[in-house]
Amino acid sequence: MEIISNISEMKQWRDKGERIAFVPTMGGLHQGHLSLIDLAKKNADKVVVSIFVNPTQFAEHEDFGTYPRTMDADLVALEVSQTDLVFTPNVYDIYPDNAVLNQDEFTQDKGLFETLCGKTRPHFFYGVLQVVRRLFEIIHPDVAVFGQKDYQQLHIIKHFTSGVKIIGAPIVREHDGLAMSTRNQYLNADEHKIASKLHKILKQIEQGELELQSARERLQRYFELDYLELLDANTLKKITDNTSKIAILSAVYLNKVRLIDNIIFSKDNYV
Ligand code: AMP
């Protein structure tokens, strides 16, 4: 496995002409990330994984400074998972001159960036899109794999990047149903148990056992509720007669730790 930090070296490596699948991460790797690598392998000759904690997707008050940085363990996990190349750029190369994303391009689509997770984290999707576009520009992958756990992120990346095939990978969960996340490290054992209620409640909605409003009340017993919505999974807008897939999307806080989760299912199965 090669490890490259330098952008021109990265570009040179790329010139070999093989089919490249790319998995961007912020490190703190877990089985969820590794499942993306498995999927990437099935879609290309070589797999490139980036580890870069992207400052532009964190607000001032968020956890950029304390976000888990576990490079040594991450490199071991990547070696075991037979990653071909790890790209670990530094912030000055990714954002020379503190380049910012020009948000004018998205005026028409502001709603999508500023709804759901974007309401509480208005900077977030612009920051994600900025880094993903920059990484695509450096690596020029043929395909890139993103997790459906971050469903709105996947949706925005599919709509606002071009030239790279975007593949969504299923959510990997702990045994108790909690969606794996680097931020789960912030939870103690009791909190972890409580956190697993989020998925259980979403499942009850999917199975028609819980109405949306009752589910919101149920979530509020355990969490500070950010949002719980049932939307058209293809548009992230209201469900209409044309809706084929439904997305149950939620974000909650448990003692300041933000948890997100979702379930996507066919409207035909909705009771
Ligand atoms: P992150 O390092 O948190 O930015 O995540 C990097 C990629 O891993 C993103 O595409 C995430 O959607 C994906 N990911 C994170 N957690 C999971 C999970 N539990 N299952 C599947 N993919 C995940």
Side-chain angles (χ1 to χ4, degrees), residues 21-43 47-59 62-64 66-71 73-75 77-78 81 83 86-89 91 94 116-117 121 123-136 139 141 143-161 164-187 192 195-196 198-199 202 233 236 247 249-251 257-264:
F22 175 43
V23 180
T25 82
M26 297 207 299
L29 300 184
H30 50 68
Q31 288 302 323
H33 296 111
L34 302 182
S35 76
L36 306 192
I37 296 169
D38 286 342
L39 194 53
K41 260 190 238 158
K42 294 189 179 122
N43 284 279
V47 176
V48 175
V49 176
S50 64
I51 298 181
F52 178 67
V53 184
N54 174 36
T56 66
Q57 69 191 67
F58 289 80
E62 292 181 341
D63 57 347
F64 177 73
T66 53
Y67 193 83
R69 287 165 172 84
T70 55
M71 186 62 86
D74 289 351
L75 292 178
L78 292 175
S81 71
T83 296
V86 190
F87 182 48
T88 56
V91 70
I94 292 293
L116 304 167
C117 285
R121 311 185 73 197
H123 57 283
F124 179 72
F125 293 112
Y126 296 111
V128 168
L129 199 56
Q130 181 184 20
V131 77
V132 168
R133 282 182 172 180
R134 178 77 177 120
L135 290 166
F136 282 5
I139 296 166
V143 302
V145 186
F146 293 85
Q148 283 174 12
K149 183 188 144 244
D150 301 272
Y151 192 78
Q152 189 179 6
Q153 169 175 295
L154 174 64
H155 183 84
I156 287 177
I157 289 169
K158 273 188 181 158
H159 281 78
F160 299 102
T161 60
V164 178
K165 182 179 172 199
I166 307 297
I167 300 178
I171 302 177
V172 177
R173 300 179 179 280
E174 306 279 359
H175 293 303
D176 59 8
L178 176 64
M180 287 191 181
S181 164
T182 303
R183 289 192 171 95
N184 290 352
Q185 296 179 28
Y186 298 148
L187 303 170
H192 191 119
S196 71
L198 173 59
H199 178 58
L202 301 194
L236 292 185
L249 299 155
S250 186
V257 180
R258 187 180 165 84
L259 309 168
I260 62 171
D261 202 351
N262 66 72
I263 297 180
I264 313 297

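Worth saying up front: this structure is predicted, and the values here are computed from it rather than measured. All ligand and atom numbering here is 1-based and tracks the order in the structure.
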Checking salt bridge (charged side-chain N to carboxylate O under 4.0 Å, His left out) against Asp63, which of Arg69, Arg183, Arg121 comes through? Arg183
Do Val172 and ligand 1 have an N or O pair less than 3.5 Å apart? yes
Rounded to the nearest 0.5 Å, what's the gap from NZ on Lys149 to CG on Leu154? Could you check? 12.5 Å
Evaluate Ser35 for polar contact with ligand 1, using N/O atom pairs at a separation under 3.5 Å. no
Per-atom contacts of ligand 1 with Thr25, taking only distances under 4.0 Å to non-hydrogen atoms: 2 (O), 6 (C)
For Pro24 and ligand 1, does the shortest N/O to N/O distance drop below 3.5 Å? no
Presence of salt bridge, Arg258 and Glu62, under 4.0 angstrom: no
Is there at least one pair of N or O atoms, one from His33 and one from ligand 1, spaced under 3.5 Å apart? yes
Non-hydrogen atoms of Pro170 versus ligand 1: any pair closer than 4.0 Å? yes
Specify the protein heavy atom at minimum distance from atom 4 (O) of ligand 1: its residue, its atom name, and the distance to 0.1 Å. Met26 CG, 3.7 Å
What is the closest protein heavy atom to atom 14 (N) of ligand 1, and at what distance does it sit? Asp150 OD2, 4.3 Å
re atom 13 (C) of ligand 1, the protein heavy-atom contact at minimum distance is Leu36 CD1, 3.7 Å
With rounding to the nearest 0.5 angstrom, report the CG to CG distance, Leu116 to Leu236. 6.0 Å
Do Pro24 and Val131 have side-chain heavy atoms sitting under 4.5 Å apart? no
Flag side-chain contact, heavy atom, 4.5 Å: Met26 against Thr182: no
Which of the ligand 1 atoms, numbered from 1, are nearer than 4.0 Å to a heavy atom of Phe146: 10 (O)
Which atoms of ligand 1 are found less than 4.0 Å from any heavy atom of Met180? 16 (N), 17 (C), 18 (C), 19 (N)
Measure the distances from the heavy atoms of His30 to every atom of ligand 1 and state whether one is below 4.0 angstrom. yes
side-chain contact (heavy atoms from CB on, under 4.5 Å) assessment of Val49 paired with His33: CA-CA 10 Å; Val49 176; His33 296 111; over 6 Å; no
With sequence neighbours left out, what residues match Phe160 under ring-ring contact (aromatic ring centres under 6.0 Å, His included)? Phe106, Phe113
Before signing off on this row, confirm whether Gly147 and ligand 1 have an N or O atom pair separated by under 3.5 Å. yes
Please lay out, stage by stage, how Ile260 and Asn262 fare under the test side-chain contact (heavy atoms from CB on, under 4.5 Å). CA-CA 7 Å; Ile260 62 171; Asn262 66 72; over 6 Å; no
Looking only at distances, please establish whether an N/O atom of ligand 1 is found under 3.5 Å from an N/O atom of Val145. no
